[in-house]
Amino acid sequence: MTIVLRAATSADIPRMHQIEDDAGELFAGLGLIDIDDMALVSIGDHGQAIDAGLSLIAEVDGRAAGFAMGNRYGADIYLHELDVDRAYQKKGVGAALVTGFVELAQRQGAGMVYLSTFRDPPWNAP
């Protein structure tokens, strides 16, 4: 399996919503978030990340399998959302996206890259 990272485009947003919705199902029953009340990243927020060059797609066999997108805060960049379709999880897609996003932020001159996430889910431990 080969993972290819590329810049996201506005045409990717519907698939990014599908991926985010699918990946969110992992949180059902954990008591960390209300999955039924959770909103997807807005089209506008995706557009801003794409325009800023801070949105990546991970493709496997030509299909979008995951994405990472972020925002600039002064000299730093915040990794706002990272999701991998459940069919592609535990195959290195998430790790490739994190590495690729950090490299992208470095190329853009970011002083730091921030990420906030839950500690308890076992898939977040690595």
Side-chain angles (χ1 to χ4, degrees):
M1 180 179 90
T2 302
I3 301 165
V4 176
L5 299 182
R6 64 169 176 81
T9 69
S10 59
D12 292 310
I13 295 173
R15 176 66 180 136
M16 293 162 86
H17 277 162
Q18 289 173 345
I19 293 167
E20 182 181 359
D21 188 50
D22 179 73
E25 290 298 320
L26 289 173
F27 288 94
L30 293 180
L32 296 172
I33 57 174
D34 183 352
I35 196 74
D36 294 327
D37 197 35
M38 189 177 84
L40 298 176
V41 174
S42 73
I43 291 171
D45 286 348
H46 274 298
Q48 287 177 352
I50 289 166
D51 290 346
L54 293 172
S55 187
L56 290 176
I57 294 286
E59 289 185 339
V60 175
D61 299 328
R63 177 155 173 80
F67 73 92
M69 54 88 64
N71 311 84
R72 181 171 284 284
Y73 287 98
D76 302 326
I77 292 178
Y78 175 63
L79 175 51
H80 174 81
E81 188 78 24
L82 182 132
D83 291 298
V84 176
D85 186 301
R86 286 180 293 165
Y88 297 96
Q89 291 180 1
K90 300 199 183 277
K91 298 178 181 184
V93 175
L97 281 164
V98 170
T99 299
F101 190 86
V102 169
E103 291 170 355
L104 174 70
Q106 289 172 333
R107 286 192 304 272
Q108 288 199 15
M112 299 288 274
V113 177
Y114 296 95
L115 163 69
S116 107
T117 191
F118 296 107
R119 291 182 184 196
D120 295 334
W123 63 87
N124 277 350

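These numbers come from the heavy atoms of this one structure, side chains and all, not from hydrogens, waters or symmetry mates. Computed from a predicted model, the values in this text were never measured in an experiment.
Proximity of a side-chain donor or acceptor of Glu81 to a complementary backbone N or O of Leu40 within less than 3.5 Å is not detected. In this structure, Asp21 contributes its side chain and Gln18 its backbone to no donor-acceptor pair below 3.5 Å. At least one donor-acceptor pair under 3.5 Å links the side chain of Gln108 to the backbone N or O of Gly53.
Here the closest heavy-atom approach between residue Gly100 and residue Leu5 is recorded as CA-CD1, 3.7 Å. The two residues Val60 and Ala65 make their nearest non-hydrogen contact at CG2-CB, 3.9 Å. Contact detail for Ser10 and Ile50: the closest heavy-atom pair is N-CD1, 3.8 Å. Summarising the geometry of His17 relative to Ser42, their closest heavy-atom pair is NE2-C, 4.4 Å, with the distance given to 0.1 Å. Among all heavy-atom pairs drawn from Ala49 and Met69, the shortest one is CB-CE, 3.7 Å. Minimum heavy-atom separation, Asp12 to Ala7: OD2-O, 4.4 Å.
Placement of Met1 and Val98 within a single hydrophobic cluster is found when ILVMFWY residues are connected by side-chain heavy-atom separations under 4.5 Å, directly or transitively. Clustering ILVMFWY residues whenever any of their side-chain heavy atoms sit less than 4.5 angstrom apart, transitively, puts Tyr78 in a cluster other than the one holding Leu115. In this structure, Leu56 is a member of the same hydrophobic cluster as Val84, with clusters built from ILVMFWY side-chain heavy atoms closer than 4.5 Å. In the hydrophobic cluster analysis, where Ile, Leu, Val, Met, Phe, Trp and Tyr join through side-chain heavy atoms closer than 4.5 angstrom, Leu97 is grouped together with Ile77. In this structure, Phe67 is not a member of the same hydrophobic cluster as Leu104, with clusters built from ILVMFWY side-chain heavy atoms closer than 4.5 Å.
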Tell me, with the steps shown, if Leu54 and Asn71 meet side-chain contact (heavy atoms from CB on, under 4.5 Å). CA-CA 7 Å; Leu54 293 172; Asn71 311 84; 5.6 Å; no
Does the side-chain contact (heavy atoms from CB on, under 4.5 Å) test come out yes or no for Val41 and His80, once each step is laid out? CA-CA 9 Å; Val41 174; His80 174 81; 4.1 Å; yes
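Atom CG in Asp85 sits 6.5 Å away from atom CZ in Arg63 (nearest 0.5 Å). Summarising the geometry, atom OH belonging to Tyr88 is positioned 10.5 Å from atom CG belonging to Asp22; distances are rounded to the nearest 0.5 Å.
Side-chain contact between Phe101 and Val113 is present, with heavy atoms from C-beta onward closer than 4.5 Å.
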